[in-house]
Protein chains: 2
Amino acid sequence: MSVRRPSVAPHARELRNPALVFAALGDKTRLDLVARLCAGGPLSIARLTDGADVTRQAITKHLNILAGAGLVRDIRVGRERLWEVETRQIEEARRCLDRICSQWDDALGRLKLAVEGEEH
Amino acid sequence: MSVRRPSVAPHARELRNPALVFAALGDKTRLDLVARLCAGGPLSIARLTDGADVTRQAITKHLNILAGAGLVRDIRVGRERLWEVETRQIEEARRCLDRICSQWDDALGRLKLAVEGEEH
DNA sequence: GTGAAATGCAACCGTATGGTTGCTCATGGC
DNA sequence: GCCATGAGCAACCATACGGTTGCATTTCAC
């Protein structure tokens, strides 16, 4: 199998898949999980389950989705599995929104120029 | 250092439903739409459709979802329906991520203090 | 007024998603 | 060694989601 690595630079600090990250954040339960992990540091699945109103299995699935988006990371400790947040990815998401907004600002600027140019 | 104030800021314009907004952004097609609207100003459905690889109907559905999250707004002009981005909502989303990250920073701070307290 | 363009509406379809239950496996405490 | 706890695995289920097609409606342009 061809190990074709993406042409994108490995260390590029951009989200490789913004939609994936936003989709992961786009669920109330998962957003709660992220918030709890941010507020309280590493927590086990069991800990995360009580306090949530769904099954442990559901929590596990959500954590896997968050992990798939690079938003959380797990650490195995004994029979427990602790999860902690990956802040860098969240910051990347934030920056992604920044970029979009600034595009809009640019567009406004261009529009202004164009309008002024037409007034003669 | 964070002064302990009522957990929710009084007049802060917060997202009433962050998950909804993130979910709306959590789809490649929709993210593209938002980006295009940000970069190019108001566009009609027809305009948005060519350039996308799905049907006009699909685009319409996506736009409605974005509108439901408050991310875009439509203006009817003649037989056309122009869509433009609602930057405030995007900024709110960005701020939401900020808040989450800062929680984490606070937690790190507390953790540091606690560890230092234990070293005796 | 006729035709083409820009949308709207509704039904339909396959699949992903969020959730559950039931069972097994590993680990730590006593 | 025993047993409770923490977690994994797999099957299953209802519904939401992304997408399509077909047809009706409004509006502009000539």
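Chain A is the first sequence line, chain B the second, and so forth, proteins listed ahead of strands; every chain is numbered from 1. Computed from a prediction, not measured in an experiment: that's the story for all the values here.
Side-chain to base pairing of R56(A) with dA7(D): one donor and one acceptor N or O lie within less than 3.5 Å of each other. In terms of polar N and O atoms assigned as donor or acceptor, the side chain of Q57(B) comes within less than 3.5 Å of the base of dG22(D) in a complementary pairing. One can find a donor-acceptor pair under 3.5 Å joining the base of dT5(D) and the side-chain atoms of R79(A). For R47(A) against dG6(D), a side-chain-to-base donor-acceptor contact under 3.5 Å is absent.
The distance from atom CZ of R30(A) to atom P of dA16(C) is 15 Å, rounded to the nearest whole Å. Counting to the nearest Å, the C1' atom of dG18(D) and the CG atom of L66(B) are 13 Å from each other. Computed from coordinates, the I45(B) CD1 to dT25(D) P distance equals 18 Å when rounded to whole Å. The CG atom of D27(B) sits 14 Å away from the P atom of dA16(C) (whole-angstrom rounding). With rounding to whole Å, I65(B) atom CD1 is found 5 Å from dG18(D) atom P. Atom CG of L63(B) and atom P of dC17(D) are 16 Å apart (whole Å). Atom CZ of R81(A) and atom C1' of dT5(D) are 17 Å apart (whole Å). For the pair D32(A) CG and dG18(C) C1', the computed distance is 15 Å after rounding to whole Å.
Residue K61(A) has its side chain nearest to dG19(C) when only dG19(C), dT21(D), dG8(C) are considered. When each of dA6(C), dT20(C), dT21(D) is scored by its nearest atom to the side-chain atoms of E80(B), the top-ranked nucleotide is dA6(C). Distance from the side chain of V54(A) is smallest to dT20(C) among dT20(C), dG18(C), dT7(C). The side chain of T55(B) sits closest to dG19(D) out of dG19(D), dT7(C), dG8(D).
Linking Ile, Leu, Val, Met, Phe, Trp and Tyr whenever their side-chain heavy atoms come within less than 4.5 Å puts L43(B) and I45(B) in one cluster.
Along DNA chain C, the nucleotide closest to R76(B) and the one closest to D53(A) are compared, and the more 5′ of them pairs with R76(B).
Counting heavy atoms from C-beta on, the side chains of V34(B) and I90(B) come closer than 4.5 Å.
A donor-acceptor contact shorter than 3.5 Å links the side chain of S44(A) to the backbone of R47(A).
Between Q57(A) atom CD and T49(A) atom OG1 the span is 8.5 Å, to the nearest 0.5 Å. Of the inter-residue distances, the one linking L48(A) atom CG with L82(A) atom CG reads 9.5 Å to the nearest 0.5 angstrom.
Distances shown here put every side-chain N or O of H62(A) at or beyond 4.0 Å from the OP1 or OP2 atom of dT17(C).
Across all strands shown, A46(B) has heavy atoms under 4.0 Å from sugar-phosphate atoms exclusively, and none from any base.
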